[in-house]
Asker: 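One structure, as structure tokens, below. Some questions next.
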Amino acid sequence: MENNTQKNILVITILVTIFSIYNLSIYTSNKKGKVIQLSENAIQGEVLWQNNNCWSCHQLYGLGGYLGPDLTNIYSTQNKGPLYIKSFLNSGIKAMPKFNFSEQEKEALVSFLQQVDSTGFYPNTNAIIKPNGWVDIKYKNEK
Ligand code: HEC
């Protein structure tokens, strides 16, 4: 009995130690993408994005509403890009409402979407699942 208790304590101590090291290594590793700091213009764009409920119909990295398409990489998609984005904003097409943005506000929204785009790919078709269970994701702004 005495012996079993000691064994249990030893096993639990080992597990807790492994768990701690594992967590420490995950939460302190920052070898992948750089943290991006939005420009002032892009922050204004983000505020417009929030206040006009773009997110209720559109997704960034798959998160948001599903009435309209995901816009994570719209800036860098071939045949899309800044002019294409702007053309949608005040036109009112299908389920997308007609907004009344100034040229400067349109620029801000484009700038926000450009900086979101610069961080990565969605969907990320280049993810590699390694044998040890880690998923290697391709970032656009790797250090
Ligand atoms: C009520 C839902 C709704 C809201 C709110 C909305 N959109 Fe849309 N949006 C749509 C739909 C639906 C489409 C697809 C229209 C089409 O394909 O003809 C679209 C298309 C777009 C496109 C073109 C996407 C592509 O890949 O062709 C852009 C860019 C866009 N929206 C930006 C915005 C921005 C920025 C906002 C906020 C200011 C916004 N939308 C708010 C529904 C919405």
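For the numbers below, each heavy atom of this structure counts, side chains included, while hydrogens, waters and symmetry mates do not. Whatever order the structure lists ligands and atoms in, that order sets their numbers, starting from 1.
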Asker: To the nearest 0.5 Å, how far apart are CZ in F112 and CG in L71?
Answerer: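 Answer for the CZ-CG pair, F112 versus L71, is 10.0 Å.
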Asker: Roughly how far apart are I12 CD1 and K7 NZ, rounded to 0.5 Å?
Answerer: 13.0 Å
Asker: Can you name the atoms of ligand 1, numbered from 1 with element, that are less than 4.0 Å from a heavy atom of C57?
Answerer: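 Heavy-atom distances to C57 below 4.0 Å select 1 (C), 2 (C), 3 (C), 4 (C), 5 (C), 42 (C), 43 (C).
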Asker: Could you pull out the closest heavy-atom pair between F101 and L89, with the gap in Å?
Answerer: CD1-CB, 3.9 Å
Asker: First locate atom NZ of K140, then atom CG of D117, and finally report the distance between them rounded to the nearest 0.5 Å.
Answerer: 3.5 Å
Asker: Decide whether an N or O pair under 3.5 Å exists between Y84 and ligand 1.
Answerer: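 For ligand 1, there is an N or O atom that lies under 3.5 Å from one belonging to Y84.
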Asker: Heavy atoms only: which of F88, Y66, F112 lies closest to atom 28 (C) of ligand 1?
Answerer: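 It is F88 whose heavy atom sits nearest to atom 28 (C) of ligand 1.
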Asker: Between L89 and ligand 1, find which residue part has any heavy-atom pair under 4.0 Å and reply side chain, backbone, both or neither.
Answerer: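 It is the side chain that touches ligand 1; the backbone stays farther off.
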Asker: Can a donor-acceptor pair be found, under 3.5 Å and without considering hydrogens, that links the side chain of N52 to the backbone of C54?
Answerer: no
Asker: Just need the protein heavy atom nearest to atom 12 (C) of ligand 1, so name the residue and atom and give the distance.
Answerer: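 Sorting protein heavy atoms by distance from atom 12 (C) of ligand 1 puts L67 O, 3.5 Å first.
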Asker: Report yes or no: does H58 contribute a side-chain atom to a donor-acceptor pair with the main-chain N or O of P69 at less than 3.5 Å?
Answerer: yes
Asker: Run the numbers for me: atoms of ligand 1, each under 4.0 Å from some heavy atom of F101, listed by number.
Answerer: 38 (C)
Asker: Is there any N or O on K80 that sits under 3.5 Å from an N or O of ligand 1?
Answerer: yes
Asker: Do the side chains of L109 and W49 get nearer than 4.5 Å, heavy atoms only?
Answerer: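 In short, these two side chains touch, coming nearer than 4.5 Å.
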Asker: For the backbone of Q50 and the side chain of W55, can you confirm whether one donor and one acceptor N or O come within less than 3.5 Å of each other?
Answerer: yes
Asker: What part of L48, side chain, backbone, both or neither, has a heavy atom within less than 4.0 angstrom of ligand 1?
Answerer: neither
Asker: Identify, by atom number and element, the atoms of ligand 1 in contact range of A95, meaning under 4.0 Å from any of its heavy atoms.
Answerer: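 Taking each heavy atom of A95 in turn, ligand 1 has 1 (C), 2 (C), 12 (C) under 4.0 Å.
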Asker: Output the list of atoms in ligand 1 that are nearer than 4.0 Å to some heavy atom of N53, sorted by atom number.
Answerer: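 The list of qualifying atoms is 5 (C).
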Asker: Hey, which atoms in ligand 1 end up nearer than 4.0 Å to a heavy atom of I93?
Answerer: 18 (O)
Asker: Is it the side chain (CB and beyond), the backbone, both or neither of P69 that lies under 4.0 Å from ligand 1, heavy atoms counted?
Answerer: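 It is the side chain that touches ligand 1; the backbone stays farther off.
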Asker: Quick one: CG on N90 to NZ on K106, what's the gap to the nearest 0.5 Å?
Answerer: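 So the gap between those two atoms works out to 4.5 Å.
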Asker: If you take the nearest heavy atom of each of H58, K94, K86, which one is closest to atom 8 (Fe) of ligand 1?
Answerer: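 The option holding the nearest heavy atom is H58.
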Asker: Among protein heavy atoms, which lies nearest atom 11 (C) of ligand 1, and at what distance?
Answerer: G68 CA, 3.7 Å
Asker: Nearest to atom 33 (C) of ligand 1, what protein heavy atom do you find, and at what distance?
Answerer: M96 CE, 3.3 Å
Asker: For atom 34 (C) of ligand 1, what's the nearest protein heavy-atom neighbour? Residue, atom name and distance, please.
Answerer: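 The protein heavy atom lying closest is C54 SG, 3.5 Å.
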Asker: Ligand 1 versus I74, non-hydrogen atoms closer than 4.0 Å: side chain, backbone, both, neither?
Answerer: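 The answer is the side chain.
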Asker: Would the distance check show the side chain of Q114 and the main-chain N or O of Y75 forming a donor-acceptor pair, the cut-off being under 3.5 Å?
Answerer: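 Absent.
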Asker: Between the side chain of Q59 and the main-chain N/O of G68, is any donor-acceptor distance below 3.5 Å?
Answerer: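 Yes; judged by distance alone, with no hydrogens or angles, the pair exists.
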